[in-house]
Amino acid sequence: MSRLNYAFTIAFVLIASFPSLAQIQHVEPLNWWVGMKNQNLQLLVNGKDIGLTVPTVNYPGVTIKKIHKADSKNYLFIDLAIAPSAKAGKISIRFKKDGKTIETYSYPILERQKDAALVKGFDASDAIYMIMPDRFANGDYTNDIVPGMKETTIDRKQIRARHGGDIRGIIDHLDYISAMGFTAIWPTPLVENDMTKFSYHGYAITNHYKTDPRFGTLNDYKELAIKAKQKGIKLIYDGVINHSGVNYWWMTDLPYKDWINFADSAVVTNHKRTTNQDPYASAYDKNLMTSGWFDKSMPDMNGANSFMSNYLIQNSIWWIETLQLGGIRQDTWCYSDKQFLKRWSCSIMNEYPAFNMVGEEWSVNPLITSYWQQGKVNSDGYTTCLKTMMDFPLQNALVQALNENEVPYGAVGLARLYEAVANDFIYADPKHLLVFGDNHDMDRLYTQLHKDVALTRMALTFLLTIRGIPQLFYGTEILMDNTGYPGDHGVIRTDFPGGWKGDSVSVFENRGLSADQLQTRDYLQLLLNWRKKNPVIAEGKTMHFAPSEGVYVYFRYNSEKTVMVVMNKNSTPATINTSKFTEMIKGKKMAKNVMTNKQISIDATLSVPEKSAIVLELY
């Protein structure tokens, strides 16, 4: 045998003796931290025949509490205990078979950032700017097409295709967002969505631990978090714990037979969300609601499986810790197992007591929405640790109130808005509700109000002065609309003008905008920045007066300041007698109009321009 052939033979024998060279495919979470309040960590380990091995660790302060074999021999779940005495470093995990180590994995545990446990979540002092990254701005053209991804085309002319917006595009325009007066941003999901189509929206996740490379890298995501924080802007993570994308890496080999619901065939949910509260709901309807897939391309993850539950909770904590998030917006809140939702929310709030999360429960019935809020006393005894819900009931009432004709003594028009606010008695804490006019799943606010500029500004004034946490959708400030395309998500999520090279219209450069667009943006900017400096709106109490003759008046007040908001829906100016509001005015005779900075008398009467809302500081 030649020396060369002998060398090849020896190399082959050595390789064959160590099947560990490509055995482990995934270990998740990717890393963890020392000093966490919850000292327990459950690792998901995936690799060929890894379930046939026995893992061991020898690291000061870290012990294996239990090892779980899955239904698939290609998975192990390892329960670790990380004692307070443990130091940051790399844990060497040895996987043994028949007493021999066949795989070694170096698992990192890191030092936490200073005061990481005290990370503060968004609250009523914030104003949130919601962004769909693919449609906001393209800051890095080199990542538009990534070889190996299932959807590789970029076509801005196709409303359902990818358009190329990314994390860098958001970073590049943080100055604009800050100058507008927003203090938080909510980008739709930025993690991997390796789907064959519609991957731009981000809600069909295929890897919970990987930033979608077409949006950027994890370092880009971290940079966004850091630079946003430097500008006083909190970063909100859009989470999806109910469903994933059908192309998720585990779909070809599930760890457990019940890892996802209806694993053998795609059974879509019935969307009957009231079954969560309905005392008469059948078990069949309840099960289909929470176990059915959200869509045939979006499998339903089984939160009732304790390993899946741990996986999703740890993933959320991993993102909070990694990015020092200012909050989580949780998609399709009510579709998951109720007890899992309670465990998820309470696990996070236990680790981060000052944090906040908002759940999406798309119901216009406040009885349904209020059920999920922390502190609500429910007849079935159910509780969660979720402080904030999206206030769909108020959004619906606001649009109806502004669109409907006023009827004397009727329950329509502004009376509908008045009664929606009055329903706050059903909530545990109304000031934590998220108020909004539109979002990525519904017609643009300007479209809902039939392209009436005055009514749109009235709606925005209401949202920024009523109790709760305001959220505005990107483009609302320049009256973006989807008129003629009702409910068309692709059109609703139109590109933000100026976010791409060569755009003829640019919001960022004040180029090509109409007078109405410029004036609405300036109006909103003034109001947002005023709100930021007036905590009475975030922290104050509310008193409102029943609408009369197309005019609705409410006050926000505390011991230091009283703010009066007057909404006049009439097509003519309204003159109102201020004596009606004596219990709030209490001898005050003057006011400053926040939008014009003019001083006016409120001693006897007050004149309000047609189709407008005025905001007055009383003194």
Side-chain angles (χ1 to χ4, degrees), residues 127-145 154-188 190 200-202 214-216 220 223-224 227-228 231 233 235 437-440 443-447 451 453 456-457 460 471-485 488-529:
I128 301 170
Y129 193 55
M130 182 193 174
I131 299 168
M132 180 151 277
D134 182 66
R135 305 299 170 88
F136 184 65
N138 192 345
D140 182 359
Y141 287 81
T142 66
N143 63 18
D144 287 0
I145 297 175
I154 292 288
D155 189 349
R156 293 181 66 198
K157 294 180 181 179
Q158 297 295 321
I159 59 176
R160 294 173 181 84
R162 297 190 73 92
H163 291 187
D166 49 31
I167 295 172
R168 183 60 52 188
I170 302 174
I171 293 172
D172 289 346
H173 299 295
L174 286 172
D175 284 340
Y176 168 81
I177 296 169
S178 176
M180 280 297 299
F182 293 103
T183 60
I185 52 173
W186 155 21
T188 52
L190 289 163
Y200 76 92
H201 61 64
R214 294 163 296 188
F215 287 138
D220 293 329
E223 182 183 348
L224 172 62
K227 290 187 173 178
K231 296 181 183 299
I233 298 173
L235 177 60
D438 58 3
N439 61 30
H440 60 310
D443 289 338
R444 289 272 180 174
L445 179 61
Y446 189 44
T447 297
K451 299 186 73 171
V453 177
T456 302
R457 290 178 190 166
L460 293 171
Q471 169 253 300
L472 277 69
F473 192 29
Y474 80 97
T476 296
E477 70 268 36
I478 56 158
L479 303 172
M480 283 174 61
D481 73 290
N482 62 297
T483 304
Y485 300 89
D488 192 315
H489 287 177
V491 181
I492 291 167
R493 304 160 182 175
T494 299
D495 292 349
F496 193 67
W500 281 255
K501 296 175 182 177
D503 281 358
S504 58
V505 177
S506 175
V507 180
F508 306 119
E509 298 176 5
N510 289 324
R511 184 176 66 246
L513 297 173
S514 70
D516 282 341
Q517 288 177 310
L518 287 169
Q519 290 166 10
T520 301
R521 187 189 64 183
D522 291 347
Y523 179 91
L524 187 57
Q525 184 175 25
L526 194 159
L527 193 54
L528 278 164
N529 281 287

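It should be emphasised that the depicted structure is a prediction, and the values quoted were computed from it without experimental measurement. FYI, side chains are in, hydrogens and waters are out, and symmetry mates aren't considered; it's all heavy atoms of this structure.
- A distance of 7.5 Å separates CZ of R511 from CG of D503, quoted to the nearest 0.5 Å.
- Nearest heavy-atom pair across A161 and D155 is CB-O, 3.8 Å.
- Side-chain contact between F182 and I233: absent, with no pair of heavy atoms (C-beta onward) separated by less than 4.5 Å.
- Of all the heavy atoms in Q517 and G512, the pair that sits closest is OE1-O, 4.5 Å.
- Going from atom CD1 of I131 over to atom CZ of F136 covers 4.5 Å, rounded to the nearest 0.5 Å.
- Closest of all the heavy-atom pairs between F473 and H440 is CZ-CA, 3.5 Å.
- The cationic atom of R135 (NZ for Lys, CZ for Arg) does not lie both less than 6.0 Å from the six-membered ring centre of Y474 and within 45° of the ring axis.
- With rounding to the nearest 0.5 Å, the separation of CE in M132 from CZ in F496 is 15.0 Å.
- Put simply, CE on M180 and CG on N529 are 8.0 Å apart, with the number rounded to the nearest 0.5 Å.
- Applying the side chain to side chain donor-acceptor pair (under 3.5 Å) rule to pairs touching residues 171-180 yields D175-K231, Y176-E477, sequence neighbours excluded.
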side-chain contact (heavy atoms from CB on, under 4.5 Å) between L224 and L174, worked out
CA-CA 9 Å; L224 172 62; L174 286 172; 4.2 Å; yes
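- Here H163 contributes atom NE2 and Y200 contributes atom OH; the two are 8.0 Å apart, rounded to the nearest 0.5 Å.
- Test I492, I159, D488 against N482 for side chain to side chain contact (heavy atoms under 4.5 Å, CB included) and you get one pass: I492.
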Test log, rule side-chain contact (heavy atoms from CB on, under 4.5 Å), inputs D438 and T447
CA-CA 10 Å; D438 58 3; T447 297; over 6 Å; no
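- Closest of all the heavy-atom pairs between A127 and L528 is CB-CD2, 3.6 Å.
- Within a 6.0 Å radius of OH in Y485, other residues, nucleotides and ligands contribute 12 heavy atoms or fewer.
- Closest of all the heavy-atom pairs between R156 and W500 is NH1-CB, 3.1 Å.
- Taking 4.5 Å as the limit, every side-chain heavy atom of H201 sits out of range of all side-chain heavy atoms of T188.
- The cationic group of R521 does not satisfy the cation-pi geometry with F508, failing either the under 6.0 Å distance to the six-membered ring centre or the 45° limit from the ring axis.
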List the steps, then state whether side-chain contact (heavy atoms from CB on, under 4.5 Å) holds for L460 with L527.
CA-CA 9 Å; L460 293 171; L527 193 54; 5.7 Å; no
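- With contacts defined as side-chain heavy-atom distances shorter than 4.5 Å, the pair I167/I170 does not qualify.
- Among D140, N138, D220, the single residue meeting the side-chain hydrogen bond (donor to acceptor under 3.5 Å, both in side chains) criterion with R168 is D220.
- Note that the CG atom of L472 and the OH atom of Y129 stand 9.0 Å from one another [nearest 0.5 Å].
- Nearest heavy atom pair, residue I128 against residue W186, reads CG2-CB, 3.8 Å.
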Where do I145 and I154 land on the side-chain contact (heavy atoms from CB on, under 4.5 Å) test, with the steps shown first?
CA-CA 7 Å; I145 297 175; I154 292 288; 4.0 Å; yes
